[in-house]
Amino acid sequence: MNSSGNPVTTGVTTADSPTFVAFNAVNVNKSGAASMWQNIAADNFSEDEQRIFLQTPNAQVISGICVWAALIVTFHQIYMHLRHYSRPNEQRYILRILFIVPIYSFDSWLSLLFISNDQYYVYFDSVRDCYEAFVIYNFLSLCYEYLGGESAIMSEIRGKPVKTSCLYGTCCLVGMTYSIGFLRFCKQATLQFCVIKPLMAAITIILQIYGKYHDGDFDVRSGYLYITIIYNISVSLALYAMFLFYFTTSELLSPYDPVLKFLTVKSVIFLSFWQGMLLAILERCGIIPEVQIIDDHEVRAGTVAAGYQNFFICIEMLFAAIALRFAYPSKVYVERNELTQGRKTRYSYTLLQLGGTK
């Protein structure tokens, strides 16, 4: 008892009381749990922050549906051409051109699925690049086949003045006439792309192996800058030469509906190249976020831009397959095949009649 009559507790403090100890234990557990959930939330936020659209199921489903739809459309068209293979000299080139859709779409889809490994897509894209060159060669060969060859073309255009127009890029050809030299320039300037493209693809693989090539890296010490410059020159020259060839022979090619044929090939090959370069520039400028880690794999600069390029190509190939279906219809050859079969039947019947067989 103290002087005021109140009992005094001796030897026991508040900190030593069982109630206080239990209360502290609860607080410690609560703070530890809160800290744990904060760490988990931070980790999830970090993962979500690093996670890009290309990794989501939506991106993979959209690209997969477009790729398989494009494959179905194209393979049906290829089957129809093979079933009615009445003009082998023309249709062999058409079939090679049509195969650009399966190769482009499936190649891009695989590159998208393996985006976490930034080396795979370079090898896949090299296959695509080589086939681009093959398609340009076959497209030009098809045009020559339609027109009956170089000599037949020259017999139609030799000596005629070149139509000059600033709109069509022929204003610098004032006073020139169509000649064998002009026609061969169009051919050689187009076919140089068929040599440069596979060569640059091989150099890209070599530089990639030695760590000297990174997509979107415009540093002077990186091979990407120089390969892009060479590609631009080659693509621009080939595009201009193809346009000159079309400008020269458009009237001769008019029975074959050349406009859609030219547009589909040019858009698939040339526009896709500039689309990829634009995406690389956008990533370099920070508009497309640069990601260093994808699926716990370290990736290099340019991988995300290349991934978006492959995603867009997967979608675009569906529209390309539909456009190619109209540009290179099999219906023409179905009708020719039926006409040929009808003539053979009538010819056989005539022979039988002449032979006296009833």
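- By the 4.5 Å heavy-atom criterion applied to side chains, E150 and L183 are counted as neighbours.
- Pairing each heavy atom of M317 with each of A70, the nearest pair is O-CB, 3.7 Å.
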(request) Test D125 against S111 for side chain to side chain contact (heavy atoms under 4.5 Å, CB included), laying out the working first. (result) CA-CA 8 Å; D125 291 353; S111 298; 3.7 Å; yes
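- The aromatic ring centres of F139 and F262 sit less than 6.0 Å apart.
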(request) I would like to know whether S272 and E316 meet side-chain hydrogen bond (donor to acceptor under 3.5 Å, both in side chains); could you show each step before the answer? (result) CA-CA 9 Å; S272 64; E316 291 162 357; over 6 Å; no
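- Expressed to the nearest 0.5 Å, how far CD of Q60 lies from CG of L112 amounts to 7.0 Å.
- Here the closest non-hydrogen pair linking P198 and F193 is CD-O, 4.1 Å.
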(request) May I have the step-by-step check of ring pair (Phe, Tyr, Trp, His ring centres under 6.0 Å) for Y328 and Y256, ending in yes or no? (result) CA-CA 9 Å; Y328 302 94; Y256 303 97; over 10 Å; no
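- Here CD1 of I203 is found 14.0 Å from CD of Q208. Values are rounded to the nearest 0.5 Å.
- Between S234 atom OG and I229 atom CD1 the span is 13.5 Å, to the nearest 0.5 Å.
- To the nearest 0.5 angstrom, I103 atom CD1 is 11.5 Å from R128 atom CZ.
- V67 and V73 fall into different hydrophobic clusters, defined by Ile, Leu, Val, Met, Phe, Trp and Tyr side-chain heavy atoms under 4.5 Å apart, directly or through other members.
- Taken to the nearest 0.5 Å, the CG atom of D107 stands 11.0 Å off from the CD1 atom of I100.
- Here the two rings, on Y240 and F243, have centers that are 6.0 Å apart or farther.
- For CZ of F326, the number of neighbouring non-hydrogen atoms (other residues, nucleotides, ligands) closer than 6.0 Å is 12 at most.
- The six-membered or imidazole ring of Y144 lies near that of F245, with a centre-to-centre distance under 6.0 Å.
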(request) Check the pair Y231 / F273 against side chain to side chain contact (heavy atoms under 4.5 Å, CB included), numbers first and verdict last. (result) CA-CA 9 Å; Y231 267 156; F273 165 73; 3.4 Å; yes
